[in-house]
Amino acid sequence: MPSSRIRSFIAGVLVANSAPHLATAAAGRRHLTPLGGRESGPGINAVWGALNLAGGLILLARSQKKSGSQRNEARRWNDDLPSFETGYLVFAVWMAVSERLLKTNH
């Protein structure tokens with residue numbers, strides 16, 4: 001598997017992880033983060049969500065820069081978009097199942 005697809009998959013996971021943290025921060029609620037544990041407040045969630053979003057975007061940019069060196073404009077997203085979407089979907093399903101079974105953020 002080409003490294004650009006791996007980067008796109010990881011970018012999908014990071015972007016998917018940023019959404020609940022940024023939403024929690026905007027709502028002013030608490031949500032589990034690695035930075036502050038279970039009682040992470042809105043500020044910590046904003047930082048964690050922003051770090052995940054930035055990391056995902058950086059990986060996407062690197063992925064596109066590497067593939068852009070081939071000078072094949074038709075390839076721009078054709079090969080990497082399914083990898084990004086798979087990463088996003090895998091993370092979303094994993095979080096839905098883990099929340100249902102483990103009630104991590106309740």
Side-chain angles (χ1 to χ4, degrees):
M1 178 180 290
S3 62
S4 68
R5 290 185 187 161
I6 294 169
R7 280 192 296 272
S8 294
F9 178 87
I10 295 169
V13 170
L14 290 173
V15 170
N17 190 37
S18 73
H21 293 287
L22 294 173
T24 298
R29 300 183 67 195
R30 298 189 175 283
H31 187 81
L32 174 70
T33 68
L35 299 177
R38 283 196 187 278
E39 295 300 314
S40 297
I44 293 173
N45 273 284
V47 169
W48 185 246
L51 287 172
N52 277 274
L53 184 60
L57 294 175
I58 288 168
L59 283 173
L60 284 177
R62 289 193 68 213
S63 219
Q64 294 305 307
K65 186 180 281 186
K66 298 274 186 195
S67 65
S69 66
Q70 296 173 352
R71 295 289 177 214
N72 184 358
E73 293 300 321
R75 187 197 175 284
R76 189 167 170 188
W77 261 110
N78 293 345
D79 295 338
D80 293 339
L81 186 57
S83 298
F84 176 84
E85 292 171 339
T86 301
Y88 198 100
L89 182 63
V90 164
F91 184 81
V93 168
W94 177 72
M95 284 309 300
V97 170
S98 69
E99 279 297 316
R100 180 76 172 156
L101 298 177
L102 305 174
K103 300 186 185 327
T104 306
N105 287 300
H106 290 228

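Numbers here simply count residues along the sequence, with the first being 1. From a predicted model like this one, the values you see are computed outputs, not experimental measurements.
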Seminar exercise, completed: side chain to side chain donor-acceptor pair (under 3.5 Å) filter on Ser18, not counting sequence neighbours, yields none

Exercise. What pairs with Leu101 under side chain to side chain contact (heavy atoms under 4.5 Å, CB included), at least two apart in sequence or on another chain?
Worked result: Val97

For this session: Return the minimal non-hydrogen interatomic distance between Val15 and Gly56, and the atom names on each side.
Result: CG2-CA, 4.1 Å

Problem set entry | Non-neighbouring partners of Phe91 that pass ring pair (Phe, Tyr, Trp, His ring centres under 6.0 Å), sequence neighbours left out | Trp94

Exercise. For the side chain of Asn52 and the backbone of Asn17, is there at least one donor-acceptor N/O pair under 3.5 Å apart?
Worked result: no

Seminar exercise, completed: For Tyr88 and Ala19 the tightest heavy-atom approach is OH-CB, 4.4 Å

Problem set entry | Contact list for residues 21-36, test salt bridge (Lys or Arg N to Asp or Glu O under 4.0 Å), sequence neighbours left out | Arg30-Glu39

Exercise. Given side chains that start at C-beta, do those of Thr24 and Pro42 come closer than 4.5 Å, heavy atoms only?
Worked result: no

Seminar exercise, completed: dist Ser8:OG -> Glu85:CD (nearest 0.5 Å) comes out at 10.5 Å

Exercise. Counting N and O atoms only, with roles assigned by atom type, does the side chain of Asn45 sit under 3.5 Å from a partner on the main chain of Ser40, one being a donor and the other an acceptor?
Worked result: yes

Problem set entry | Atom pair NE2/CG of His21 and Leu53 - distance to nearest 0.5 Å | 12.0 Å

Problem set entry | Nearest-0.5 Å distance, OG1 of residue Thr86 to CG of residue Asp80 | 11.0 Å

For this session: Not counting sequence neighbours, which residues clear side chain to side chain contact (heavy atoms under 4.5 Å, CB included) with Ile10? List them please.
Result: Ile6, Leu14, Leu59

Exercise. Which ILVMFWY residues can you reach from Val47 by hopping between side chains whose heavy atoms are under 4.5 Å apart?
Worked result: Leu35, Ile44, Trp48, Leu51

For this session: Please step through side chain to side chain contact (heavy atoms under 4.5 Å, CB included) for the pair Val13 and Val90, ending with a clear verdict.
Result: CA-CA 7 Å; Val13 170; Val90 164; 5.6 Å; no

For this session: Can you see which heavy atom on Leu22 is nearest to which on Ala46, and at what distance?
Result: CD2-O, 3.8 Å

